[in-house]
> 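Input: one structure, supplied below.
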Amino acid sequence: MSYPIATLITSYVDGAYLAPRAGSHHLPVINPATESVIAHLQEADGAEVDLAVRAAARSYAEGTWRRLPTERRAAILRRVCDLTEQHARELCWLESTDLGIPSSQAPGAVIARVVRNFSFYADHLSQGAERAVKLDDRYQRFVHRDPVGVCALISPWNAPLMLATSKIAPALAFGNSCVIKTSEYTPLALHRFMALLSEAGVPPGVVNLVNGRGEVTGASLVAHEAVGLVSFTGGGAAGRRIAAVAGAGLKKCDLELGGKSASIISDSADLDLAVDGALLGIFGNAGQMCFAGSRILLQRRIADAFLERFVARANAIRVGDPFDLATEMGPLAYASHLDRVLAHCRPTAGDGVSVLAGGERTAGGVGYFMAPTVLIADSPAARVCQEEVFGPVATVLRYDHFDEAIALANHTRYGLAGYLWTNRLDECMAATQGIRTGALMINSPMVFDLRMPFGGVGESGVGREGIESLRNFYSEEKAVAIAARPLVVAPRLGTAARA
């Protein structure tokens with residue numbers, strides 16, 4: 001089953017899709033499995049971004065969303081969940097079409113996560129409470145929260161709808177209006193989703209969408225004087241530029257950037273479970289995940305046994321058409337990204353890197369498909385051990401003692417996630433205390449819980465996502481003190497008799 005795609009993807013402003021604009025710049029939207037152009041995207045220039053931001057600012061000033069009763073806002077968020085499930089097949093189809101995620105995986109990777117994003121914050125609106133304290137018998141004090149205002153939300157191409165809604169949902173929950181920019185490579189599902197937000201009851205102007213490249217559309221959005229907050233998920237170079245502009249404007253800013261996460265396999269681990277987890281951690285979504293376990297650190301005693309199973313399973317992964325239910329890994333998202341990933345898979349003399357599996361495009365020549373790749377390196381300083389590849393490329397290093405494994409895990413400028421497969425409590429505790437990372441999974445692949453913080457250290461970013469962090473990010477605390485009884489104010493300035 002297929003669904004209609006707009007010939008021209010335009011921005012969504014004030015509750016409606018914009019009409020084609022004369023003289024606008026168009027970008028092709030390409031199906032990564034077929035390399036065919038399936039639509040064009042009208043890039044939002046500075047004037048169009050200004051239109052979207054002003055719509056958000058107007059809706060915020062008028063209070064059409066932020067002044068709604070909490071119960072009404074929660075009901076609308078739940079209606080978003082209902083509509084997402086009603087249109088699940090269409091949204092999955094769109095995500096598989098421009099991203100290449102296997103259609104068999106899309107319901108869990110896309111729909112379940114989108115529904116969770118909105119249902120979680122609907123629950124929070126009905127259950128969350130603020131602090132209140134009594135100071136002696138004279139004051140009642142409490143915290144009042146105000147929305148920040150207009151939020152600029154910039155989401156990446158590797159999980160378009162899920163990551164966009166992970167920003168939209170908390171921004172809405174805390175009463176803000178927003179403008180979101182998703183990637184020009186994967187705009188289809190979010191473009192369709194905007195109409196569902198309006199159908200659910202989100203007032204016009206509260207959530208607006210602009211499309212285009214980061215250096216054009218994104219730059220205009222971040223720099224706009226009416227934007228008070230910037231949330232960005234993407235690459236480190238863009239993150240630095242955004243942070244500089246946001247800082248100059250004293251805008252609140254959080255950055256969820258890249259990763260080079262280590263997956264440590266101890267000699268005490270259940271090898272079958274560790275192989276399953278490590279495969280999913282690097283080949284899920286064709287390795288296009290910031291938290292991918294791209295460095296596999298093997299205790300030397302079990303290295304050969306692990307690699308025998310891991311390489312055999314990697315070679316057996318079914319790569320192909322996203323709409324074939326047997327497909328386990330689809331294409332990479334776009335052509336230049338495929339070229340970049342493949343460039344990391346060509347060892348040069350003297351770099352100490354060998355190819356154990358893959359390292360090339362799959363047979364056929366059509367589509368941005370590449371074989372699951374396993375590299376082995378002699379040194380943690382090798383390029384493939386230090387740079388984020390962001391593709392289906394696992395790099396293996398060996399270690400002897402567990403303190404060496406921790407040192408190898410920390411031998412990176414990133415620090416987003418880490419994985420440990422072990423049956424020893426002392427190794428669990430040593431990793432917990434010793435690995436410099438924002439998240440650590442023990443005997444488990446990545447699992448998300450919106451009650452818990454998610455974010456990184458070092459070049460993996462600034463800030464955390466999770467209910468406590470995002471409540472403080474998307475709102476401003478106001479401390480209120482009310483005198484509980486009439487006070488005698490002393491000293492009483494200006495009452496002394498003049499000489």
Side-chain angles (χ1 to χ4, degrees), residues 1-22 24-44 48 52 79-115 118 155 157-165 168 180-202 204 207-212 217 320-325 327 330-331 333-335 366-368:
M1 177 181 293
S2 62
Y3 294 87
I5 299 175
T7 304
L8 183 64
I9 305 297
T10 64
S11 297
Y12 191 85
V13 177
D14 228 357
Y17 296 107
L18 296 186
R21 189 179 72 250
S24 60
H25 182 66
H26 292 179
L27 300 166
V29 180
I30 297 174
N31 181 328
T34 65
E35 301 186 46
S36 60
V37 176
I38 50 179
H40 283 85
L41 179 146
Q42 178 174 283
E43 184 168 59
E48 193 167 298
R79 178 63 175 153
V80 173
C81 297
D82 293 340
L83 289 171
T84 299
E85 291 178 327
Q86 289 174 27
H87 293 270
R89 289 187 178 181
E90 179 184 6
L91 295 171
C92 287
W93 185 86
L94 292 169
E95 202 92 318
S96 294
T97 297
D98 67 0
L99 174 62
I101 185 172
S103 59
S104 61
Q105 300 170 16
V110 180
I111 301 304
R113 297 285 299 281
V114 171
V115 169
F118 284 96
S155 62
W157 52 261
N158 61 308
L161 191 56
M162 186 275 286
L163 288 175
T165 57
I168 295 171
I180 185 157
K181 190 200 90 68
T182 191
S183 170
E184 67 273 22
Y185 295 108
T186 53
L188 298 183
L190 186 60
H191 182 260
R192 175 68 180 96
F193 190 75
M194 299 304 293
L196 300 185
L197 290 173
S198 293
E199 184 179 346
V202 177
V207 182
N208 306 273
L209 168 71
V210 291
N211 299 295
T217 309
D321 179 2
F323 293 102
D324 183 339
L325 293 180
T327 293
Y334 55 97
V366 177
Y368 308 136

> Only counting residues at least two apart or in another chain, list the ones meeting side chain to side chain donor-acceptor pair (under 3.5 Å) with H26.
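Result, side chain to side chain donor-acceptor pair (under 3.5 Å) vs H26: S24.
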
> With no hydrogens and no angle check, is any side-chain donor or acceptor of T217 less than 3.5 Å from a backbone partner on A44?
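Looks like yes, one N/O pair under 3.5 Å.
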
> Tabulate below the donor-acceptor pairs under 3.5 Å that side-chain atoms of residues 11-20 make, not counting sequence neighbours, or state none.
| unit_1 | atom_1 | unit_2 | atom_2 | d |
| --- | --- | --- | --- | --- |
| S11 | OG | E48 | OE2 | 2.6 |
| Y12 | OH | G15 | O | 3.1 |
| Y12 | OH | S198 | OG | 2.6 |
| D14 | OD1 | G205 | N | 3.4 |
| D14 | OD2 | R58 | NH2 | 2.4 |
| Y17 | OH | H191 | O | 2.5 |

> Listed by chain and number, what are the salt bridge (Lys or Arg N to Asp or Glu O under 4.0 Å) partners of R192, not counting sequence neighbours?
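By the salt bridge (Lys or Arg N to Asp or Glu O under 4.0 Å) rule, R192 matches E90.
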
> Any side-chain heavy atom of D98 within less than 4.5 Å of one from P187?
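Sidechains of P187 and D98: in contact.
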
> Please report the shortest heavy-atom distance between S155 and P160, naming the atom on each side.
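Result for this residue pair: OG-O, 4.3 Å.
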
> So, using side-chain contact (heavy atoms from CB on, under 4.5 Å) as the criterion, who are the partners of I30 when residues are at least two apart?
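For I30, the residues satisfying side-chain contact (heavy atoms from CB on, under 4.5 Å) (neighbours in sequence not counted) are P28, V37, Y368.
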
> Atom OG1 of T186 and atom CG of L94: how far apart are they, to the nearest 0.5 Å?
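Going from the OG1 atom of T186 to the CG atom of L94 covers 11.5 Å.
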
> What pairs with Q105 under side chain to side chain donor-acceptor pair (under 3.5 Å), at least two apart in sequence or on another chain?
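Partners of Q105 by the side chain to side chain donor-acceptor pair (under 3.5 Å) criterion come out as none, since no residue qualifies.
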
> Only counting residues at least two apart or in another chain, list the ones meeting side-chain contact (heavy atoms from CB on, under 4.5 Å) with A39.
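Listed in chain order: I5, I9, V29.
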
> Do the non-hydrogen side-chain atoms of I111 and V115 ever get within less than 4.5 Å of each other?
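Yes, close enough: below the 4.5 Å cut-off.
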
> Could you give the distance from OG (S183) to CG (L163), rounded to the nearest 0.5 Å?
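Answer for the OG-CG pair, S183 versus L163, is 11.5 Å.
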
> Report yes if the side chains of T327 and P102 come closer than 4.5 Å at any heavy-atom pair, otherwise no.
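Sidechains of P102 and T327: in contact.
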
> Starting at CZ of R79, measure out to OG1 of T84 and round the result to the nearest 0.5 Å.
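R79 atom CZ to T84 atom OG1 measures 10.0 Å (nearest 0.5 Å).
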
> Could you work out, with side chain to side chain donor-acceptor pair (under 3.5 Å) as the rule, every residue matching T165, not counting sequence neighbours?
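Result, side chain to side chain donor-acceptor pair (under 3.5 Å) vs T165: N117.
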
> Identify the heavy atoms of V202 and V207 that sit nearest to each other, and give their distance.
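Closest approach of V202 to V207: CG1-CG2, 4.1 Å.
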
> Got a second to check how far I38's CD1 is from T97's OG1, nearest 0.5 Å?
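I38 CD1 to T97 OG1: 6.0 Å, rounded to 0.5 Å.
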
> Taking C-beta and beyond as the side chain, do L161 and F193 meet within less than 4.5 Å on heavy atoms?
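In short, these two side chains touch, coming nearer than 4.5 Å.
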
> Give the minimum heavy-atom separation between G100 and P32, together with the two atoms involved.
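Where G100 meets P32 most closely, the heavy atoms are N-CG, 4.0 Å.
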
> Can you tell me how far apart CG (D321) and OG1 (T34) are? Round to the nearest 0.5 Å.
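Those atoms lie 9.5 Å apart.
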
> What I'd like to find out is whether the side chain of Q42 reaches to under 4.5 Å of the side chain of N211, using heavy atoms alone.
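No, their side chains stay 4.5 Å or more apart.
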
> Under the side-chain contact (heavy atoms from CB on, under 4.5 Å) test, which residues partner A33, sequence neighbours left out?
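Partners of A33 under the side-chain contact (heavy atoms from CB on, under 4.5 Å) test: N31, P322, P331, F369.
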
> Shortest non-hydrogen contact from S103 to P107?
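Shortest heavy-atom contact: O-CD, 3.2 Å.
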
> Restricting to salt bridge (Lys or Arg N to Asp or Glu O under 4.0 Å), what partner residues turn up for E35, sequence neighbours left out?
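Counting only residues at least two positions away or on another chain, E35 forms a salt bridge (Lys or Arg N to Asp or Glu O under 4.0 Å) with R361.
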
> Can you confirm whether Y185 sits close enough to L27 that some side-chain heavy atom of one is under 4.5 Å from a side-chain heavy atom of the other?
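Sidechains of L27 and Y185: no contact.
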
> Go through the steps to decide whether L91 and V114 satisfy the test side chain to side chain contact (heavy atoms under 4.5 Å, CB included), and finish with yes or no.
CA-CA 11 Å; L91 295 171; V114 171; over 6 Å; no

> From H25 NE2 over to L41 CG, what is the distance, rounded to the nearest 0.5 angstrom?
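Answer for the NE2-CG pair, H25 versus L41, is 9.5 Å.
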
> Excluding sequence neighbours, so at least two apart, what forms side-chain contact (heavy atoms from CB on, under 4.5 Å) with R113?
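Listed in chain order: M162, F448.
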
